[in-house]
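Each remark here refers to the structure printed beneath this line.
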Protein chains: 2
Amino acid sequence: MAGKREQNREQNRLALIEAVLDSVAEKGISETSVSEIIQRAGLSRGMIHLHFGGKDNLVQAAGHHSSQEYYDGLEDLLAQAGDSPQERIEMIVRGDLGERVLNQRNVSIWYAFRGEARNRSAIAAFSDTRDARLRNMVLSAFTRIARDMNMTDAEAARDATHGLLALLEGMWTDYLLHPDRFDRDEAMRITFRFLAAMFPSYFTLKGAVVQPQT
Amino acid sequence: MAGKREQNREQNRLALIEAVLDSVAEKGISETSVSEIIQRAGLSRGMIHLHFGGKDNLVQAAGHHSSQEYYDGLEDLLAQAGDSPQERIEMIVRGDLGERVLNQRNVSIWYAFRGEARNRSAIAAFSDTRDARLRNMVLSAFTRIARDMNMTDAEAARDATHGLLALLEGMWTDYLLHPDRFDRDEAMRITFRFLAAMFPSYFTLKGAVVQPQT
DNA sequence: TAATCAAATGGACAATCGTCCATTTATACC
DNA sequence: GGTATAAATGGACGATTGTCCATTTGATTA
């Protein structure tokens, strides 16, 4: 067991990160100052330099932390998914549009970092949600479906992957700009409509067809 | 003709706005200070207060200006489009993904403002690209197609509108995060694949079918 | 040309920024 | 319980922020 010293230390480190994320979500990056952060964390001014060596490093760590939480949530869900490609894709869609990851706090944080991504390469690195891992999971599922359908179009699976991820991105933007009128069920329906149009015997308006018609 | 005085005045006003946009595109919002702006514009410190009453108002005006340019570009293109709904939709897609509006500078600016939108209502107001005007243009086109197809699904046109705009949003995000590997033709192909899947006799992989098969 | 006045200048100003370190606090070890 | 030491404190510091206004510039009008 970790000593109380180290335990407190880690706890304070985390408190600083959470304070940054709270502030970014509520006030935006430009208003997230050192004073704002330490006030929210209830800690002293010097802690940022002590734990992270400076404000920039702390903000970067907070971004990384938030990104990690997104993937953790998604992978938890995926662990529950079945083996069929359509089930896996459905899980990703439901996960990406579900309350656990798509909520006001996360969206605010996400787009705040995105806005700075272009100019801070360290931020850009983790800001790419749909990173290689997620992209490959979706791609392999679509590839299996395309093969199963005897599709001749070699680009179909790749395009479907790219398209689905872009569509989900767009839904997030919609939530960002209209959190009040955003309709989670509608977003899911639209996404499945897109999938059902491209792969009719694998998806329906309500989700995946668990037993594909062969 | 306007006097040289007023002419200079307007010219300086514009120079300030362009300086803000250049700085936001290159360095981001957080590094766009008064000093940065006036240096780029080659004007004196007091000009911001004189013309806009303060930095915040100037930044807001710059955002509004950028947004206006986006719509102007899109409407120019739309004026050249034919009357058929599929032609109008194709024009919107080609416009939104074309070089004139989708380029590094615009994407940087766009997302920089988006990142602050949640916390600055004035910015949120113009930050919503796909505003009512654009949305209605797309919706009316899809409604005509749905009627033409005798679609029974009342939500189909609305969902297609929402989905297409979300998909285009996602393509912009892709460009933001991977400007080097982004492929404009691929983005168009994917978009038309989505349209072709939902409305097979109106769109193909390469774009709209001008004469719909009835 | 001289007078007029809007436009533009650039520095003074207080406020706030992030950094850093001398000091204090509290845990861990002897 | 006393000592060692890592963790935490909070204020000093120079740099930079945005605002504002007394002054200068230069186009316009008499």
Side-chain angles (χ1 to χ4, degrees), chain A residues 1-24 26-63 112-113 115-116 119-120 122-123, chain B residues 1-24 26-63 112-113 115-116 119-120 122-123:
Chain A
M1 142 185 169
K4 195 170 180 185
R5 258 227 187 121
E6 194 180 345
Q7 197 175 328
N8 271 358
R9 185 185 157 85
E10 192 56 29
Q11 183 179 317
N12 286 335
R13 208 189 109 97
L14 250 173
L16 285 173
I17 286 180
E18 288 298 335
V20 169
L21 294 177
D22 284 342
S23 174
V24 168
E26 279 179 39
K27 304 202 161 186
I29 280 197
S30 62
E31 292 198 44
T32 297
S33 63
V34 167
S35 303
E36 179 75 30
I37 295 166
I38 56 124
Q39 192 181 340
R40 282 174 186 268
L43 295 172
S44 66
R45 211 161 178 70
M47 289 291 265
I48 291 174
H49 180 254
L50 178 67
H51 280 281
F52 298 93
K55 187 201 164 195
D56 281 357
N57 290 340
L58 166 57
V59 171
Q60 184 183 325
F113 281 119
E116 293 280 282
N119 318 103
R120 313 275 282 274
I123 287 182
Chain B
M1 143 185 169
K4 194 171 181 184
R5 253 214 197 138
E6 195 181 344
Q7 196 175 328
N8 272 357
R9 184 185 158 85
E10 192 56 29
Q11 184 179 315
N12 286 336
R13 208 189 107 97
L14 250 173
L16 285 174
I17 285 179
E18 289 297 334
V20 169
L21 294 178
D22 283 342
S23 173
V24 168
E26 280 179 39
K27 305 203 162 187
I29 281 198
S30 62
E31 292 199 43
T32 298
S33 62
V34 168
S35 303
E36 179 75 31
I37 295 166
I38 57 125
Q39 191 180 340
R40 282 174 185 268
L43 295 173
S44 66
R45 211 162 179 69
M47 288 292 265
I48 291 174
H49 181 254
L50 178 67
H51 281 281
F52 298 92
K55 186 201 164 194
D56 281 357
N57 289 341
L58 165 58
V59 171
Q60 185 181 327
F113 280 119
E116 293 279 283
N119 318 103
R120 312 273 282 274
I123 287 182

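Throughout, protein chains are lettered first and strands after them, A, B, ... in sequence-line order, and every chain is numbered starting at 1.
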What's the separation between atom [atom1] in [X] and atom [atom2] in [Y], rounded to the nearest 0.5 Å?
{"X": "Leu21(A)", "Y": "Thr32(A)", "atom1": "CG", "atom2": "OG1", "result": "9.5 Å"}
{"X": "His49(B)", "Y": "Leu58(B)", "atom1": "NE2", "atom2": "CG", "result": "12.5 Å"}
{"X": "Arg13(A)", "Y": "Glu10(A)", "atom1": "CZ", "atom2": "CD", "result": "6.0 Å"}
{"X": "Gln11(A)", "Y": "Leu14(A)", "atom1": "CD", "atom2": "CG", "result": "8.5 Å"}
{"X": "His51(B)", "Y": "Asn12(B)", "atom1": "NE2", "atom2": "CG", "result": "5.5 Å"}

Rounded to the nearest angstrom, tell me the gap between atom [atom1] in [X] and atom [atom2] in [N].
{"X": "Ile37(A)", "N": "dT19(C)", "atom1": "CD1", "atom2": "P", "result": "10 Å"}
{"X": "Leu50(B)", "N": "dG10(C)", "atom1": "CG", "atom2": "P", "result": "14 Å"}
{"X": "Glu36(A)", "N": "dG18(C)", "atom1": "CD", "atom2": "P", "result": "11 Å"}
{"X": "Gln7(A)", "N": "dT27(C)", "atom1": "CD", "atom2": "P", "result": "11 Å"}
{"X": "Glu31(B)", "N": "dG18(D)", "atom1": "CD", "atom2": "P", "result": "12 Å"}
{"X": "Ile29(A)", "N": "dG18(C)", "atom1": "CD1", "atom2": "P", "result": "12 Å"}

List the steps and the verdict of side chain to side chain contact (heavy atoms under 4.5 Å, CB included) for Glu26(B) and Glu36(B). CA-CA 11 Å; Glu26(B) 280 179 39; Glu36(B) 179 75 31; over 6 Å; no
Can you find a pair of side-chain heavy atoms, one from Phe52(B) and one from Val59(B), that are under 4.5 Å apart?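 No; the side chains remain at least 4.5 Å from each other.
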Identify, residue by residue, the members of residues 10-24 of chain A with a heavy atom below 4.0 Å from DNA chain D, and return them in order of residue number, or none.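 Only Asn12(A) qualify.
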Any residue of residues 38-48 of chain B with a heavy atom less than 4.0 Å from an atom of DNA chain D: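 Heavy-atom cutoff 4.0 Å gives Arg45(B), Gly46(B).
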Residue [X], side-chain heavy atoms: nucleotide from [options] that is nearest:
{"X": "Arg5(B)", "options": "dA8(C), dC17(C), dA7(C)", "result": "dA7(C)"}
{"X": "Lys4(A)", "options": "dT19(D), dA28(C), dA8(C)", "result": "dA28(C)"}
{"X": "Arg9(A)", "options": "dT17(D), dA7(D), dA8(C)", "result": "dA7(D)"}

With Val34(B), the side-chain contact (heavy atoms from CB on, under 4.5 Å) member among Gln39(B), Met47(B), Arg45(B):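 When Gln39(B), Met47(B), Arg45(B) are each tested with Val34(B), the side-chain contact (heavy atoms from CB on, under 4.5 Å) holds only for Arg45(B).
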Can you find a side chain N or O atom of [X] that sits less than 4.0 Å from OP1 or OP2 on [N]?
{"X": "His51(A)", "N": "dA8(D)", "answer": "yes"}
{"X": "Ser35(A)", "N": "dC17(C)", "answer": "yes"}
{"X": "His49(A)", "N": "dC20(C)", "answer": "yes"}

Base, sugar-phosphate, or nothing for Asn8(A), non-hydrogen atoms under 4.0 angstrom?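 Contact class for Asn8(A): sugar-phosphate only.
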Nearest non-hydrogen partners of Ala112(A) and Ile29(A), listed with the distance: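 Between these two residues, the closest heavy atoms are O-CD1, 3.6 Å.
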